[in-house]
Amino acid sequence: MDISLFFQQLLNGLSIGSVYAIFALGYTLVYSILGIINLAHGAIFTLGAYFTYALMGGTFGFNGLLANLTLPLQLPFAISLIIGSSLAGLVGVAMERVAFLPLRRQGSDPLLTVVSSLGVAVVIVNLIQYLVGAESYTYPANTFGNLPPAINFGTVEKPIPIRTVQILIFVVSMVIVAILTYFINRTKYGKAMQAIAEDATTASLLGINSDRFIVLTFFISSFLAGLAGTLVASSVSIAGPYFGIAFGLRGLAVIVLGGLGSIPGAVLGGLLIGLVEAFVPAEYSGYKDAVAFGILFIMLLVRPQGLLGRRFVQKV
Amino acid sequence: MAEFFSTYGSLIVSMVLGALLGLSLYLPLMTGQLSLASPGFYALGGYIAAILSTKVFTSSSNLFPLHLLLLEMLIAGLVSGILGLLVGIPALRLRGIYLAIATIAFVEVLRVLSLNLEITGGAVGIFGIPQPFQTQIEYLWIALPLLLISMILFYRLERVRVGRAFTAIREDELAAGAMGINPTYYKVLAFTLGAILAGIVGAISAHFLNTWNARQGTFDASIIYLTFVLIGGSRTFLGSVVGGMVFTALPEVLRGIADSGLFPSWLGWLAQFLRDGRLIIFGLLIVIGTIFFPQGLVTPDIFKMGKVKK
């Protein structure tokens, strides 16, 4: 492999890997607080991409109830990104209130909550299809204003062009990871969340209102999913309502590889899987989708707690 | 009557197959293991039947010979069972959500393989699978006896030593182990039996659907079968049977209601929603079901109601 291609694939891997990382962070946050895998995470990812698309002044296709509609406003990409992801976050909170809270009050088996999250995923995905149709969309042309389509990291003779959107994705993702790590480890709210993750009962005895923090967790988690959705959609076109399902499964592989509930684990797992996928030789590209799951399956058999996870001890 | 069968024949057979798939997922759940591997074995069984009937058993007769279909079911069950054993022994050391994730990974790897291998026909899949029957409803000759035999076996299974060992492991694996039950043995047994059943159903479905491709064994399918069992009832095999039938039929029933012309024109949007929004309703039912019927709709208590009054 020549050096130019190597660098391109390296940056491709880091770019997609960093999106895996922020997407998986949302999964892992909910897991560490509630001990459940939220299978609607992939659907919220799709939703985020659609919200941002609408806010930027995109038109909704030809099928579905909202065909040919456009919002009266047209916001710049950065603002749409933040508002769109926040709307995804609010949907996450609503989902928690409707589909998860009643089960928690009943003290149900966590596996039932997983099934309930699945129901939410089915509703969201099909609602999107019902409203805006199943075709794929391309973000409006002015997404990145006057930025060049690619930046050359090599010399004129030996160019190593990297797409601007990929660099942007990598930078935004890493900034988000840094902010979140600071929030969890350094702020009062983050420490309270850690306390709930450790032991919800003791945390509530110490005066932490766990219900409020669960809402906060779901907002952050779904915000990150929506953000990841927009970032991926700005790199490829939005591929219909089912866009998030494959990504949601990939996210599962990432968090198990890194260690369920571990924040640095999610980042490490995301970058690793992104890089491995980028270096799958072109002639085997058909098998690329199996890479994450192959790694996942082997990892579960060899070291189920993941790379950075804690060993779980069974309580009797 | 003939008209009824030609309209609904395909749906009725699908319902029976749905019930069988529900049972294949219920088996590992009897030992408390949430496995989502059934669609993988189902897809595998289907591919085996599709490949054998289009490439190996080429017959000149108009209808595909029935005994060859039975042979295919046998081979599909055998291969699925062996693969189930190979996957089950290492995977069933995992518990709860880890096992669920491992089985999702297994299904996805199989799906990607079938999309890329030549023998499975790539993304297009295998089509023109020969038919053993003239009409679709006649598939009941195969599917219904299989369901009845399975139900009798399940009825017995829930009452003999093996079944009680399954239940003991579901209730408390450690305690069961302390009582001299080998949890790994029974968990792998339940998983493998589920794999065999899913493989056999796949072999029938491949002929029934006439074409087979990678869409048959996806994550979506895992979810739908899981719904059959968990909403139908996860404490007795009847729950899976009822769940499989009801949830297979539900989208069609909703479509039927929408098309019935019962709705006045000002309710046209509702009819439209029942037709195109069927899956939204399906998803809402999953959420409502888990909240209000955590044990599923069919629970063992239903059968005890009469006895309590004495």
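Computed over heavy atoms, backbone and side chain alike; hydrogens, waters and symmetry mates excluded. Residue numbers start from 1 in every chain, and the chains themselves are labelled A, B, ... in the order their sequence lines are given, proteins ahead of strands.
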Please name the pair of heavy atoms, one in [X] and one in [Y], separated by the smallest distance, quoted to 0.1 Å.
{"X": "A:Y130", "Y": "B:G277", "answer": "CE1-N, 4.1 Å"}
{"X": "A:L112", "Y": "B:P294", "answer": "CD1-CB, 3.5 Å"}
{"X": "A:L301", "Y": "B:R93", "answer": "O-NH2, 2.7 Å"}
{"X": "B:A105", "Y": "A:L296", "answer": "CB-CD2, 3.6 Å"}

Atom CZ of B:R215: over 12 foreign heavy atoms under 6.0 Å: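 Result for CZ/B:R215: open.
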
Would you say B:F273 has more than 12 foreign heavy atoms packed within less than 6.0 Å of its CZ?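 Buried by this count: over 12 neighbours within 6.0 Å.
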
Is it the side chain or the backbone of A:I245 that comes within 4.5 Å of chain B heavy atoms, both, or neither? side chain

Contact class of A:I36 relative to chain B, heavy atoms under 4.5 angstrom: neither

Per-residue contact mode, [X] against chain A (heavy atom under 4.5 angstrom):
{"X": "B:L279", "result": "both"}
{"X": "B:L94", "result": "side chain"}
{"X": "B:I101", "result": "both"}
{"X": "B:L115", "result": "neither"}

For chain B, which of A:L103, A:L249, A:I124 has the most heavy-atom pairs under 4.5 Å?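 Sorted descending by pairs with chain B, the first entry is A:L249.
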
I'd like to know which of A:D289, A:L127, A:V291 tops the heavy-atom pair count under 4.5 Å against chain B.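 Most heavy-atom pairs within the cutoff with chain B belong to A:L127.
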
Tell me the residues of residues 113-121 of chain A whose non-hydrogen atoms fall below 4.5 Å from those of chain B, in number order. A:V114, A:V115, A:S116, A:L118, A:G119, A:V120

With chain A as the partner, which of B:T290, B:I104, B:I286 has the greatest number of non-hydrogen pairs under 4.5 Å? B:T290

Between B:L110, B:V112, B:V87, who has the most heavy-atom pairs with chain A when the cutoff is under 4.5 Å?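 Most heavy-atom pairs under 4.5 Å with chain A: B:V112.
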
Quick one: does A:Q129's side chain get under 4.5 Å of B:I280's, heavy atoms only? no

Quick check: do A:V122 and B:T227 have side-chain heavy atoms less than 4.5 Å from each other?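 Side chain of A:V122 against side chain of B:T227, heavy atoms only: no contact under 4.5 Å found.
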
Nearest-0.5 Å distance, OH of residue B:Y98 to CE of residue A:M299: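 Between B:Y98 OH and A:M299 CE, I get 10.0 Å after rounding to 0.5 Å.
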
Report the distance from atom CG of A:N126 to atom CD1 of B:I281, rounding to the nearest 0.5 Å. 10.5 Å

